[in-house]
Amino acid sequence: MQDKGKIIAGLIIFFMILTFPFWYNRGAASPAPEPELTQKAKEAKVCIADTEYMRTEHMQVLDVWRDTVVRDGKRVYVNAEGKEYVASLSDTCMDCHSNKAEFCDRCHNYASVTPYCWECHTYPEEKK
Amino acid sequence: MNAAYLYSLIAVVVLGLIAYAGVEAAGLDGLFGLVIPYVALLIFIIGFANRMLDWARSAVPFRIPTTSGQQKSLPWIKHAKLDNPTTTGGVIGRMLLEVLLFRSLFMNNRVGFRQVGDSQRIAYKWVIWLWLFGILFHYSFLTVVIRHLRFFMEPTPLLISGLERVDGMLQVGLPGLFISGVVLFAAATMLLLRRIVLPRLRYISMPADYFPLLLIIGIAVTGLFMRYYTKVDISRIKELTMGLATFRPAIPEGEIGGLFYVHLFFVLLLLAYIPFSKLMHMGGVFLSPTRNMANNSRIKRHINPWNHPVKTHTYEEYEDDFREKMIEAGLPVEKEPK
């Protein structure tokens, strides 16, 4: 009986916390960023696999590459079409996609993903 | 064969198939991705408030705290301040321990017989499993929910990305393994197995016990699958969820995948189901009368606040009314007339 006020106060606090994302965003639109292709990537047209696959599976590819290179010493990757690539993030991927900030970081930041690739690997210096 | 968990399992599978078929075959992306989320949130908020206010209107019993320790007594008898609190501060301490650490589950025990020579003696055993799986389940679920806020906030607050780093500290595989997801799945499964395997628990378990557990396992399985096996495009998903969180609902261009909608539908079902189910214990735990009352009945007099004023007629008043007649009839009176 005498606890009604406390219960209502608790409910209001709970709903404020529950709807916090609405307050936080304040209705500001934030569409997904598009990764930007360099001139070289545009000219090459195809990556090691089709775009849709690369969008969702690139991290898995890199993980497999790391294991085959480091553990088995195999540095050559053959894709579905039979084309050979050197399995290397810095030398193969970032040869075309040399713009880390516009190609990698945009989506990673948007999805709040912090890959630890570059704790060891180097990436090309950004040209301003 | 127990029908209760079979029906619940079938219900969860069918609901998942409805979402999958609805999106993949019937193309109802808009219904499952834009309409149902808001409807489910509204059902949750209105239903939750309604249930809590219903409880707020209900009569509060007199002090009935469970006493798991020595009551406050004479000064040389040690008082269990947290187990048998007499002050509001003590009650807050006991409630915090209850809500954050599930103390009453921790004190669970089982009675059995112990063979001593030729005779059997009664024995009490401390049983920790329910507490263990319960606390693992609740905290991993909380972590998972907080982690998911990254889909509803842009830019993602530092606190959430920090939590992700701690959760993913094992750095197993890519995308990195989150401990909370695996623990959530394992603990929910153990809670389910507990109900299925132990005969006495199975006997008292209802579909309402199995359904939420299976639904949460469904959420965990679809979530784990999307992260580690059949990948989904996370940027597009965030575009969808950000649209919801900014009241600009729109289905992003490109393929998202039916599995995501199954996951989302399960979560929304759970959300909308909470106000009508035992999952209301998330609010109800704060109102448990055996936990949230100070045991001060012997210190303070509690008068029922909604007592109706009763008209009384005492013996003295009665004698005042009939004194002369009583004396005439030879009856003894307490007050002699002057």
Side-chain angles (χ1 to χ4, degrees), chain A residues 1-35 50-67 89 104-117 119-120, chain B residues 41 44-45 48-49 52-53 55-60 147 149-157 160-161 164-165 168 171-176 226 228-248 250 252-255 257 282-283 286-287 292 304-306:
Chain A
M1 266 281 167
Q2 68 272 35
D3 293 335
K4 215 171 194 170
K6 284 182 210 158
I7 293 173
I8 290 169
L11 260 183
I12 289 169
I13 292 169
F14 174 62
F15 287 146
M16 293 289 276
I17 295 171
L18 182 79
T19 53
F20 179 65
F22 294 125
W23 313 119
Y24 182 86
N25 295 317
R26 274 178 247 102
S30 51
E34 274 303 310
D50 62 274
T51 315
E52 204 61 29
Y53 179 82
M54 290 310 290
R55 275 184 84 107
T56 55
E57 298 279 350
H58 61 276
M59 70 299 270
Q60 196 93 48
V61 170
L62 288 170
D63 196 37
V64 172
W65 279 16
R66 180 183 63 182
D67 288 356
L89 171 68
C104 306
D105 293 348
R106 263 187 198 172
C107 294
H108 286 159
N109 289 344
Y110 183 66
S112 173
V113 178
T114 43
Y116 52 95
C117 309
E119 284 175 18
C120 303
Chain B
L41 187 64
F44 175 77
I45 290 178
F48 195 93
M52 290 303 282
L53 293 176
W55 283 335
R57 278 191 294 269
S58 306
V60 178
R147 268 206 288 104
L149 287 178
R150 73 173 159 141
F151 293 113
F152 298 94
M153 291 177 169
E154 181 59 33
T156 311
I160 291 168
S161 38
E164 275 172 0
R165 289 212 148 195
Q171 297 198 336
V172 176
L174 269 176
M226 273 192 293
Y228 304 110
Y229 298 105
T230 60
K231 305 278 192 312
V232 285
D233 192 332
I234 207 166
S235 305
R236 286 187 192 133
I237 288 175
K238 180 151 181 180
E239 199 170 356
L240 176 85
T241 51
M242 281 307 294
L244 292 173
T246 53
F247 296 111
R248 299 159 191 263
E253 273 176 51
E255 176 76 15
M282 73 159 72
F286 296 98
L287 308 184
N292 69 6
N304 189 350
W306 59 90

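Naming convention: chains lettered A, B, ... in sequence-line order (proteins, then strands); numbering from 1 in each chain.
At distances below 3.5 Å, at least one donor-acceptor pair connects side-chain atoms of B/R236 with backbone N or O atoms of B/E253. Remark: the backbone N or O of B/F286 is paired with a side-chain donor or acceptor of B/N292 at under 3.5 angstrom. Here the side chain of B/R150 pairs no donor or acceptor atom with the backbone of B/S161 at under 3.5 angstrom.
For the 3.5 Å distance criterion, the side chains of A/T114 and B/E164 fail to qualify, holding no donor opposite an acceptor.
Using a 4.5 Å cut-off on side-chain heavy atoms (C-beta onward), B/M153 and A/F20 make contact. Side-chain contact between A/R55 and B/K231: absent, with no pair of heavy atoms (C-beta onward) separated by less than 4.5 Å. Using a 4.5 Å heavy-atom cutoff, the side chains of B/V60 and B/W55 are not in contact.
Proximity to chain A involves both the backbone and the side chain of B/I45, based on heavy atoms less than 4.5 angstrom apart. For B/F152, the parts lying near chain A are the backbone and the side chain together; criterion is any non-hydrogen pair under 4.5 Å. B/L41 touches chain A through its side chain: at least one heavy atom from C-beta onward sits under 4.5 Å away, while N, CA, C and O do not. Using a 4.5 Å cut-off between heavy atoms, A/Y110 contacts chain B through both its backbone and its side chain. Contact annotation for B/P155: both backbone and side-chain heavy atoms come within less than 4.5 Å of a heavy atom of chain A. Using a 4.5 Å cut-off between heavy atoms, B/L287 contacts chain A through its side chain alone, with no backbone atom that close. At a 4.5 Å heavy-atom cutoff, the contact between A/A28 and chain B is made by backbone atoms alone. Of the atoms belonging to B/M226, not a single heavy atom falls under 4.5 Å from chain A. When heavy atoms are compared at a cutoff of 4.5 Å, A/Y24 approaches chain B solely by way of its side chain, counted from C-beta outward. For B/Y228, the part sitting under 4.5 Å from any heavy atom of chain A is the backbone (N, CA, C, O) and nothing else.
Interface summary for chain A: among B/E255, B/M242, B/E239, the most heavy-atom pairs under 4.5 angstrom belong to B/E239. Interface summary for chain B: among A/A32, A/P115, A/P33, the most heavy-atom pairs under 4.5 angstrom belong to A/A32.
A centroid separation of less than 6.0 Å is found between the aromatic rings of A/F14 and B/F48.
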